[in-house]
Amino acid sequence: MNKRMYDVSDPNDQVLHATKLAQNGPRRHVRCLEELDGWVRSQAYNDTIAYISSTSMAIQGIKLNSNYPVSKQILRLCEIFDGLEMLLAESTPKFNSTDTLLESQQTSARAYRTWTRHMQQFVFSILDEALQPECKHINELGQYLRRSFGCSSSLEFGPANELMFLFFLCSLFRAGILVAEDTVAAALLLFHRYIRLVRRLILTYSLSLTKNSRSSMDDYYVMPYIWGAAQLSLNAPFSPMQSELPPTLETHGQDYMLLEIIDHLQKTRGFQLNHSAFQLWCILSAPTWPQVYGGIERSYVSNVLASFETVENAIFCELMSFKSVPAFTMEQRTYLGRRFSEDRKSSMRSQGEMPVAVHKCVSQQPSLFFGFHEKKSTDEESDDEEHDPLWIVQRRNTLEDNSDTSTAVYFRDAKTIKDDLTPTSSSEQSS
């Protein structure tokens, strides 16, 4: 029987792991500086780096409005942002002309918390409708997504929230919901919709930037800089030093993520780039776009991903696992610019084929529902629902479905766990 149901009378490792997932759900693992080393050695860290690199190579030379393939699954996921934008329009703060600064801030805070509460209720229901039938990871995906829009208690947004959306995107590929052909659309359409919504949230509710002592980029997010530079690393119509020129912004502003950011910075901060974003201005002095990408990407990995402030509230589960990977695991190299085609062909000749950047996750969660985890009382209110996980009851499917995201249909190297739970016949039972 090729269903993930476990005989609890035989508590092997798979049974214990599945039970642990059902009882605990996504949870935090980095609570102190000593545990930061476990994050750098984790499967989630390596998958995040690999996903960023593979996407960067895939979107080279592709504009935001290019004719790249967009699947029905991507369009269904974009409906999430359609609904969130409608909620934002309904939760816009209403100010009075007589309000003081403090009263205006309190009004914005109440409106943002109202939007956040509605968002958390909306996310799980829309994910259940948008994803494939019998998806076992609705809860995990929803927990990543709902943490991607800032903190309602501190009224802040920062790279830590952006990391949670990276977890969400990477998990969609890990679960088999998105496939390799969706890589470009996931970055240039889905992620772009997310960044546009985040900009509206920051401006509407006056969200503060989460303080990070190690971050060299003084901005709420970093990935648009990385993938924006990757877009321009092949067949760029202008050089890095021409990025902030008005003719460049007017002609190509709608085609590249990086130019949208530069235009947004100049309009919101009211200064030239050397005053409003000095670190970015310095990086853009590099002669080529692959060098710009390398500078931003190294800064992100060293100063943001490896920062305790970024991952202290990050949660992990099965798709983005905190389990350590072997020390000899090599991070995927990013091939950009003119070297992209030559190095990629050389790599394919030496390895036989290009390795899969984000491997398919073979789920060990059972198809049957274990039950609700008993709620633990907590004295302090927190955005972290580790002690009160929301579980989505999965519909039971008695027939084997080829669309099951746990099968090895989509990835050659995936292994399907088969549990021999075939019921005994009546004659055997009588004997």
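Each residue takes its place number in the sequence, starting with 1.
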Worked verdict on Leu188 versus Met257 for side chain to side chain contact (heavy atoms under 4.5 Å, CB included): CA-CA 8 Å; Leu188 300 187; Met257 276 191 282; 4.0 Å; yes
Indicate yes or no for a side-chain donor-acceptor contact from [X] to the backbone of [Y] under 3.5 Å, with no hydrogens or angles considered.
{"X": "Glu297", "Y": "Tyr293", "result": "no"}
{"X": "Ser53", "Y": "Ala50", "result": "no"}
{"X": "Thr310", "Y": "Ala306", "result": "no"}
{"X": "Ser299", "Y": "Gly295", "result": "no"}
{"X": "Arg146", "Y": "Gln120", "result": "no"}
{"X": "Trp39", "Y": "Leu305", "result": "yes"}
{"X": "Gln143", "Y": "Ile315", "result": "no"}
{"X": "Glu312", "Y": "Leu33", "result": "no"}

Derivation of the side chain to side chain contact (heavy atoms under 4.5 Å, CB included) call for Trp227 and Ile52: CA-CA 8 Å; Trp227 282 341; Ile52 293 173; 4.1 Å; yes
Write down the atom of [X], the atom of [Y], and the distance for their closest heavy-atom approach.
{"X": "Tyr256", "Y": "Pro237", "answer": "OH-CD, 3.4 Å"}
{"X": "Leu207", "Y": "Tyr220", "answer": "O-OH, 2.8 Å"}
{"X": "Tyr51", "Y": "Cys170", "answer": "CB-SG, 4.1 Å"}
{"X": "Glu156", "Y": "Asn161", "answer": "O-OD1, 4.2 Å"}
{"X": "Leu131", "Y": "Leu77", "answer": "CD2-CD2, 3.8 Å"}
{"X": "Asp82", "Y": "Arg193", "answer": "OD1-NH2, 2.7 Å"}

Min side-chain heavy-atom separation Pro93-Tyr112 under 4.5 Å: no
Side chains of [X] and [Y]: do they bring a donor and an acceptor to under 3.5 Å?
{"X": "Arg110", "Y": "Gln106", "value": "no"}
{"X": "Ser71", "Y": "Asp182", "value": "yes"}
{"X": "Arg199", "Y": "Tyr221", "value": "yes"}
{"X": "Glu260", "Y": "His192", "value": "yes"}

Residues, nucleotides or ligands: over 12 heavy atoms within 6.0 Å of [X] [atom1]:
{"X": "Glu85", "atom1": "CD", "answer": "yes"}
{"X": "Gln254", "atom1": "CD", "answer": "no"}
{"X": "Phe95", "atom1": "CZ", "answer": "yes"}

Steps toward side chain to side chain contact (heavy atoms under 4.5 Å, CB included) verdict (Leu259, Phe238): CA-CA 11 Å; Leu259 292 189; Phe238 52 89; 3.4 Å; yes
Matching residue for Phe149 among Tyr194, Phe165, Tyr144 - test: ring pair (Phe, Tyr, Trp, His ring centres under 6.0 Å): Tyr194
side-chain hydrogen bond (donor to acceptor under 3.5 Å, both in side chains) partners for Thr288, two or more places apart: Gln291
Test side chain to side chain contact (heavy atoms under 4.5 Å, CB included) applied to Gln73 and Leu178, step by step: CA-CA 7 Å; Gln73 188 63 66; Leu178 298 181; 3.7 Å; yes
